[in-house]
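Just so you know, these numbers come straight off a predicted model, no measurement behind them. Below, chains carry the letters A, B, ... as their sequence lines are ordered, and counting in each starts from 1.
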2 protein chains.
Amino acid sequence: METHAAPAGPVATGSRIRLSRERILHAALAQADAGGLATVSMRKLAEALEVAPMALYRHVASRDDLVDGLVDLVFAEVGLPGTGGDWKTAMRERGESLLDVLARHPWAIGLMESRRNPGPANLRHHDAVLGSLRAGGFDMAMAAHAYSALDAYVYGFALTRMTLPFERSEQIADVAREMLAPFPAGAYPHLAEFITDHAMQPGYDYGDEFAYGLELVLDGLERSAALR
Amino acid sequence: METHAAPAGPVATGSRIRLSRERILHAALAQADAGGLATVSMRKLAEALEVAPMALYRHVASRDDLVDGLVDLVFAEVGLPGTGGDWKTAMRERGESLLDVLARHPWAIGLMESRRNPGPANLRHHDAVLGSLRAGGFDMAMAAHAYSALDAYVYGFALTRMTLPFERSEQIADVAREMLAPFPAGAYPHLAEFITDHAMQPGYDYGDEFAYGLELVLDGLERSAALR
DNA sequence: ACGCTAAGGTGTACGGTGTACGCTGTCAAG
DNA sequence: CTTGACAGCGTACACCGTACACCTTAGCGT
């Protein structure tokens with residue numbers, strides 16, 4: 001990040017807007033959201049920015065460095081938990097915020113925690129969550145338990161939901177039929193029962209499961225920690 | 001799957017062993033486990049099998065089809081829960097088994113639930129888990145809650161653990177120093193405290209967190225379901 | 001106003017990828 | 001012996017990330 005706050009800043013050259021790491025990252029984010037991270041290639045990205053492919057490398061070390069930047073951009077969207085009020089509320093809100101962000105950027109789910117070079121937004125986020133837990137009365141060991149359980153649950157839910165080929169009850173019948181078609185009828189009785197008697201019922205929405213599990217984890221932590 | 005049970009089966013032609021979907025899948029699995037899924041290319045796979053790249057396409061529709069096959073191979077390694085005894089024990093064991101399998105094949109974590117064409121092992125596994133829960137007294141809605149919460153937790157834990165650049169307390173100091181190096185000292189006080197006062201303590205092992213969270217979810221489900 | 005320097009943008013090229021298409025060689029059934 | 005199906009192969013194409021040398025331009029000190 002070398003955005004020097006010099007006089008006016010070199011913004012445009014002639015008619016063309018100057019390239020910058022930020023501009024590249026935002027274009028890449030839009031492309032990833034539109035078609036997944038795999039569709040973001042240096043060449044297509046350059047084309048979208050009306051620039052030669054190699055021009056990008058003046059602002060980004062490699063495609064991997066670009067992905068590092070994208071992940072930190074996504075992290076920056078996650079709301080930081082406050083340290084003022086109730087830890088449970090803070091953790092619930094941060095979980096919901098994280099899930100929202102991951103729904104907007106599903107391609108990021110597997111990457112958020114896996115980059116070897118975490119950016120400032122990433123570190124700041126982890127720092128804030130730990131701070132919120134400690135302020136809520138958790139000792140170090142319990143804070144570690146809590147953070148691990150909460151993060152695992154939220155990322156896991158985002159992951160399993162992303163992958164579900166349906167979301168609302170209307171679409172399920174078709175998808176299920178297609179999935180089970182290659183196999184003999186009655187091969188998977190419990191699965192079939194689950195689909196027809198539960199998932200296909202009107203009003204079913206897998207997303208509703210999130211709140212249930214989150215509350216379950218939060219209640220468990222509260223009891224475990226013997227807080228409040 | 002067209003393994004016809006004809007006479008002796010065409011196994012070898014001359015000195016070379018005949019290609020087959022199974023042989024391809026096993027070679028690909030070995031390669032993925034060794035270097036990640038990204039290093040499995042049709043060309044390298046063909047080379048390992050001492051065959052021309054295009055020969056693979058007689059047995060596999062595309063690289064994507066190959067990945068579908070790999071995922072089902074991995075699913076087949078996960079132990080099925082029994083329906084006989086205690087549901088809690090069955091679910092604990094299947095969670096531990098799933099985590100073990102994902103540790104052996106970390107490249108599969110993001111794929112297990114995301115393939116549009118689930119294989120027989122996949123469907124069989126889901127069917128067995130639902131059956132075990134129902135046998136344990138869960139009604140349909142509670143079984144859905146339980147499955148969602150448990151799967152989210154286990155996959156999420158596998159995901160967050162995979163990404164952690166360390167595991168045992170000995171390596172943490174170096175990694176942490178490297179990660180925090182680009183930032184001003186004291187920028188992330190809670191994170192720093194967590195690392196030095198907890199993660200760097202002898203005997204720390206992030207994997208230990210798994211059992212804690214799993215028990216937390218299981219206990220929560222038991223209470224929620226008012227079972228037993 | 002001028003020229004210098006460094007940084008930004010470009011063109012070409014290399015080695016990698018997945019896979020469409022058409023050919024060849026082998027083997028089993030008729 | 002003939003025939004046809006099918007396994008494996010060679011070539012080719014479009015795409016990918018990026019190393020390297022080159023040119024253009026902007027902004028500075030003078």
Take the protein atom CG of Asp64(A) and the nucleotide atom C1' of dT18(D), then report the distance between them rounded to whole Å. 13 Å

Integer-rounded Å distance: dT19(C) C1' and Asp65(B) CG: 14 Å

Compare every heavy atom of Val60(B) with every heavy atom of Met42(B), then report the nearest pair and how far apart it is. CE-CG1, 4.2 Å

Does a nitrogen or oxygen in the side chain of Arg63(A) sit under 4.0 Å from OP1 or OP2 of dG17(D)? yes

note: Leu49(A), atom CG; dG9(C), atom P; distance rounded to Å ~ 10 Å

Arg58(B) CZ to dC21(C) C1', straight-line distance once rounded to whole Å: 10 Å

Which sits closer to the 5' end of DNA chain C, Met54(B) or Leu56(A), going by the nucleotide each is nearest to? Leu56(A)

Could you tell me if Arg23(B) and His59(B) have a donor-acceptor pair between their side chains, going purely by distance under 3.5 Å? no

Taking the minimum atom-to-atom distance to the side chain of Ser41(A), which one of dG8(D), dC16(D), dG8(C) wins? dC16(D)

Protein-nucleotide distance (Tyr57(B), atom OH; dG10(D), atom C1'), rounded to Å: 15 Å

His59(A) side-chain N/O to dG9(C) phosphate OP1/OP2 under 4.0 Å: yes

Taking atom CZ of Arg94(A) as the centre, does the number of heavy atoms from other residues, nucleotides or ligands within less than 6.0 Å exceed 12? yes

In whole angstrom, what separates Ile24(B)'s CD1 from dG18(C)'s P? 13 Å

Parallel, tilted or perpendicular: which fits the ring planes of Phe210(A) and Phe157(A), with parallel below 30° and perpendicular above 60°? tilted

May I ask you to verify whether the side chain of Arg43(B) and the base of dG16(C) hold a donor-acceptor pair under 3.5 Å? no

Write down the distance between CE (Met42(B)) and P (dC13(D)), rounded to a whole number of angstrom. 21 Å

Please report the distance, rounded to the nearest Å, between CG in Leu45(A) and C1' in dT18(D). 14 Å

